[in-house]
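In what follows, a single structure is set out as structure tokens and then discussed.
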Amino acid sequence: MVSRSRPAVEVLRSTAELDALENEWAELLSTIPDHSLSQTFLYSRVAWTRLAEPRGSRLTVVTVRRGDELLLVWPLHVERGRGHTVATHLGNRSTQEYAVPVVRPGEDAEEALALATAEATRLADVLAVHHQPNAPLPVGGRFAALAFASTTTSPVALRPGDGFDAWMATRPQKLRWEMRRNRKRLQKAGAVAFRTSDDDPAFGHRALDWIFARKREWLVRRHKTAPWISEGSGEVFFHELLDRMPAPAQVRPLVVGVTVDDELVSASVCYRSARTVEGFVMAFDESRAALGAGNVLIEECVRLAFDLGLDFDFRIDAFDYKMRWSDRETTRHTRFVPCTVRGLVPVAARHATHAYGRLKVVSTPLLTRYLPGVLRARAHREPPTQIAAALVQDVRALVPRRAS
């Protein structure tokens, strides 16, 4: 009998080493027909040179081989936080990708994944893993029990065998009525068209600018920030990805949009793979919200996916507007694992933030009942003095007045 060699782990730390892996990476992906765009070499390569490297991150791509055969690729980089480092995926900085290791199916998969995960916990103070399917990664170590773990679901519309129209007839009657009404409103506003970057790459770039401009406006109005949107890094990332993706690539970015008289009213960045179209980020013109252009775009995206013989994945967070279209949900797991003593504090902060969020959900009905003035003042972003005055009024309303 000939003994098999043991799998070996190696961490690639230079751009040259990353580039040398391109062909093997493509061969590995060919064994996984349902992989996402976010798992491809080009996605990670653009993320590294345009986003991570300029910010001073360290490249740490984990690979596992058995002999000459590549079993696993996990594109990570190490970025510096406040007093700690984080090993996380190479992506567009949104942390919303399906950012999981690429693992060759077969008898070696479990062992390769365990080896890679053990190596990843030695790269930084915290290991961040986003949206792992099926089950959390098998992370060990002395602080693994203190990891922050969360789950979310992705609603999916499953391609029917008898076409979109027959499938649409199975949706809730209220949704079908809304779609007819929305289309009529759009058509009254002008000439309606559904366009894609596959048909016109220039339209894809134009729609990208439009999407991120709308997202920035939305954040400003709500006094919020999201670095990958506010700083423009996500926009730069998608423009380059769209430019560099080979035209015949099966797994590729797909930018779509609805126009009225050639003006965009809603648009989305999607990820196309061999089995799925993922709706990654969507925007619509809020000044024309009554037209329902966002709903029409969703319908067109699902129709397009079905016409291509694919499912449509609404991706993370099972919001009500997604659930009306979905046939099933897939569960995704996110974990922040403290790997050193320095990693304990940032992970503990995540636990605290999550607990505070749950407390707000539980306490909101009580606050609405007993402190309505305070909630109104906060919603209108009034100064602290006005919020305090509202609190006094609410308390006075609660305390029974003494009979004179």
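These numbers were taken from a predicted model, which means no experiment stands behind them.
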Backbone N or O of [Y] within a donor-acceptor pair of the [X] side chain at under 3.5 Å?
X	Y	result
Arg58	Val78	no
Ser197	Asp200	no
Arg335	Ala128	no
Ser268	Val281	yes
Arg222	Leu219	no
Glu17	Ser14	yes
His84	Arg82	yes
Lys322	Ile316	yes
Thr63	Val73	no
Thr121	Ala118	yes

Answer yes or no on whether Arg216 is positioned over the face of Trp218, meaning its NZ or CZ is under 6.0 Å from the six-membered ring centre and within 45° of the axis.
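That pair does not qualify as a cation-pi contact.
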The test is side chain to side chain contact (heavy atoms under 4.5 Å, CB included); show your working for Leu304 and Glu300 and say whether it passes.
CA-CA 6 Å; Leu304 174 63; Glu300 291 293 345; over 6 Å; no
Kindly give the heavy-atom pair with the smallest separation between [X] and [Y], and that separation in Å.
X	Y	answer
Val258	Leu186	CG1-CD1, 4.3 Å
Val255	Phe203	O-CE2, 4.3 Å
Trp48	Ser57	CH2-O, 3.4 Å
Phe212	Gly234	CZ-C, 3.7 Å
Ser233	Pro227	OG-O, 3.9 Å
Thr340	Asp125	OG1-OD1, 2.7 Å

Flag side-chain contact, heavy atom, 4.5 Å: [X] against [Y]:
X	Y	value
Cys270	Glu278	no
Val102	His35	no
Val302	Phe314	yes
Leu175	Met179	yes
Trp25	Leu18	yes
Leu291	Arg288	yes
Leu71	Pro7	yes
Val100	Trp74	no

Salt bridge (charged side-chain N to carboxylate O under 4.0 Å, His left out), that's the test. Do Glu286 and Arg221 meet it? Break it down for me.
CA-CA 11 Å; Glu286 290 194 24; Arg221 283 195 296 271; 3.1 Å; yes
Got a sec: does the [atom1] of [X] have more than 12 other heavy atoms crowding it under 6.0 Å?
X	atom1	value
Arg181	CZ	yes
Arg65	CZ	yes
Arg6	CZ	no
Arg176	CZ	yes
Glu231	CD	yes
Asp199	CG	yes

Between [X] and [Y], does any side-chain donor sit less than 3.5 Å from a side-chain acceptor?
X	Y	answer
Ser36	Gln39	no
Tyr98	Gln132	no
Asn134	His333	no
Ser38	Glu97	no
Thr196	Asp198	no
Thr276	Asp311	no

Rounded at 0.5 Å granularity, tell me how far [atom1] in [X] sits from [atom2] in [Y].
X	Y	atom1	atom2	answer
Arg142	Cys339	CZ	SG	10.5 Å
Glu10	Glu119	CD	CD	10.0 Å
Leu72	Leu115	CG	CG	9.0 Å
Arg328	Asp313	CZ	CG	9.0 Å
Thr15	Asp19	OG1	CG	6.5 Å
Leu158	Leu310	CG	CG	12.0 Å

Take Val347 and Val126 through the test side chain to side chain contact (heavy atoms under 4.5 Å, CB included) and record every step on the way to the result.
CA-CA 8 Å; Val347 173; Val126 177; 4.1 Å; yes
Can you say whether the rings of Trp167 and Phe164 are parallel (under 30°), tilted (30 to 60°) or perpendicular (over 60°)?
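Tilted: the ring planes of Trp167 and Phe164 meet at 30° to 60°.
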Please work out whether the ring planes of Phe148 and Phe336 are parallel, tilted or perpendicular, with thresholds of 30° and 60°.
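The arrangement is tilted - the two ring planes meet at 30° to 60°.
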Do [Y] and [X] meet the salt-bridge criterion of a basic N to acidic O distance under 4.0 Å?
X	Y	result
Arg104	Glu69	yes
Arg214	Asp285	no
Arg195	Asp262	yes

Quick one: do Tyr271 and Leu254 satisfy side chain to side chain contact (heavy atoms under 4.5 Å, CB included)? Show the steps, please.
CA-CA 6 Å; Tyr271 293 180; Leu254 179 62; over 6 Å; no
Please find out if less than 6.0 Å separates the ring center of Phe237 from that of Tyr43.
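Yes - the distance between ring centres of Phe237 and Tyr43 falls below the 6.0 Å cut-off.
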Among Arg324, Arg171, Arg183, exactly one meets salt bridge (charged side-chain N to carboxylate O under 4.0 Å, His left out) together with Glu178. Which residue is that?
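Only match with Glu178 under salt bridge (charged side-chain N to carboxylate O under 4.0 Å, His left out): Arg324.
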Where do Val61 and Leu76 land on the side chain to side chain contact (heavy atoms under 4.5 Å, CB included) test, with the steps shown first?
CA-CA 5 Å; Val61 178; Leu76 299 171; over 6 Å; no
